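No experiment lies behind these values; they were computed from the predicted model shown. Atoms considered below: every heavy atom in the structure, side chains included; atoms not considered: hydrogens, waters and symmetry mates. Throughout, a chain's letter reflects where its sequence line sits, starting with A, and its residues are numbered from 1.
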Amino acid sequence: MQPTSRELLEMNNLNPLVSLREIHNSQMSTSSHFDPTSSHDDFLDQMFSSVPSSASSFPWPEDHAPPPCHMEEQSTALLASKLRQQQISNGAAKALMLQQQLFLSRGLAVNGLRSPSAADIGFLNIPHADQDDVVDGSCYKSANPDQDASIKSLFNGFTGSIGHSSNQPQHLLHSQGGALQSHKFGGAAAPEMNQPAASGSSGGGTAGQPKQRVRARRGQATDPHSIAERLRRERIAERMKSLQELVPNANKTDKASMLDEIIDYVKFLQLQVKVLSMSRLGGAAAAANPLVADMSSEGGRIGNGTKTASSSNNNDGMTVTEHQVAKLMEEDMGSAMQYLQGKGLCLMPISLATAISTSTCHSRSHHPLASASNNNQLLNGEAACPTSPSVSALTVQSATIAANGGGETSLKDANSVSKP
Amino acid sequence: MKSRMQNSSLKQEFLKNWIKGLQLHANFNKNTTILERRKAIKLSADIAIASTRNSTTRWSRALIADASRDESNKTLIEKISGRDVPHKASFGLIRCSKKILKRSRVAREVRAKKAVSPSVVASLIAKKLVKSRTRVLKRLVPGGEDMDEISLIKETIDYIVSLRVQVDVMGRMAKAADRLIRSTSL
């Protein structure tokens, strides 16, 4: 079974139809049930050629117009997904059966045949009990008689087209298992097709992925308002899921806490951009000029700073402080440090601040801070974790420090400790 | 969900646009305060990242429109994005009326005392929380005020991706500049 299981795994990535043929061919050659004859391939060719095209080329009699193509796609996709589940959970044998009926139900979807036969009804109904794990029981219960009939006609077709060959008994055996599965999955496909038919118009409007449509519960499918509501909620849910992958710490199932995390993350990223733009990038040319502390202009600058700070009115209460610190840092690190200490704040490297924040605020571990930090950034942290829900952080580019020369390299390490 | 290839090309485009904008400010001298410098850099960066979207998303359009409201930024915008964006009218009135309606509805429900059972009360509280946080998010994302919930989430996804690109590139540039400065000063 080794080669078949590998092929089955490969099948997940390929077009199911194409690989089905290969698997069938290989299966024919390796399995002990079937004799590999040309009639098999002819039959398969017939089926394969008919399935993707419209029903007109199909040799079997048909009374109904084929259902629209998108339903076929849906059922195929649903079956393909179930097939994958099977492959993961069970062995390869069952998966093979599933593949067969996947392809059978596709043929069903295209044809919609109807020619009932009494003998086949009994034949098909017998062994279903022991294959319950293949399909949900609900699928089976809601099997549509039309689909049953079409499956039986398919079965007839099996026997009919291959009736002349000597391999008929094996075909019957093979198709019995296949048709049985297909019966179940035809039952599965039928409710799929019914409810999408009911909510087809609204279903067609789904902006997201048409393959993974959630089945409407019985009795709720007809109300357009609830369908629209459900669709809207599904859309929101799938978008939130993709958002969850982006935002770190997104293991929350609750919508409100998810939104909270998102908000915090966006705020954090915006703050990072703001701080990164405070670097010496624009002043790379100015770095050539010596940065001597100019005390006379400092007073003027600070006065100027408060004016501009009030004009740039953010919700962030740290803005004014930020500006002051930035200006002071430009001139002299020492004065900046003193200013901060006067405010009751301290300057520390980002790694230390991250460690403190993660140890004290368990519910709000700011991992993004750690991931974004590099050795060149200092963190000005207000360690008020128990009182405020978030640690307000200011990352300042250390290029300002670098400009002050090698004597200040100790600033890279923690040189101030805690909040008084 | 963006592949690596897409991400790196995004970064390159952002860098290109940003440098285009920074070149306009090459005349930084000693007198420009750090605040002014920061504003200029941030502006260039924001417009650069917004123009990588080529006006396909609402937040990028809103960002550029907000920036173009100030006359002095027009040259910058034209240089980076290569096109002039017209001034967008504000929808303040609509926002105001929506808020009033919302508040009256909640107050009405509370007064009617329809829902006494704790589970319903809890769900009401949850809904209120979600609504208030959605409002905050709308304020954060540029141009988010006029969006419905579904497109808000879509825009947020795109905005977060762009912010990450911005932070990444700016951080690397800052590191490089830092090394450059240190090597020249030694």
Pick from A/Ile263, A/Val266, A/Ile236, A/Leu269 with the largest number of heavy-atom pairs that fall under 4.5 Å of chain B: A/Ile263

Salt bridge A/Glu245-A/Arg239, side-chain N to carboxylate O under 4.0 Å: no

Hey, does B/Ser51 have a side-chain heavy atom less than 4.5 Å from the side chain of B/Phe14? no

If you tally heavy-atom pairs under 4.5 Å against chain A, which of B/Thr156, B/Asp46, B/Val130 wins? B/Val130

Taking salt bridge (Lys or Arg N to Asp or Glu O under 4.0 Å) as the definition, give me every residue that meets it alongside A/Lys267, ordered by chain and number, with sequence neighbours left out. none

Side chain from CB out, backbone as N, CA, C, O: work out which of these in B/Thr184 comes under 4.5 Å of a heavy atom of chain A, or both, or neither. neither

Is a donor on one side and an acceptor on the other found under 3.5 Å between the side chain of B/Glu155 and the backbone of B/Trp59? yes

Partner chain A: residue of B/Thr134, B/Asp168, B/Leu140, B/Val136 with the largest heavy-atom pair count (under 4.5 Å): B/Leu140

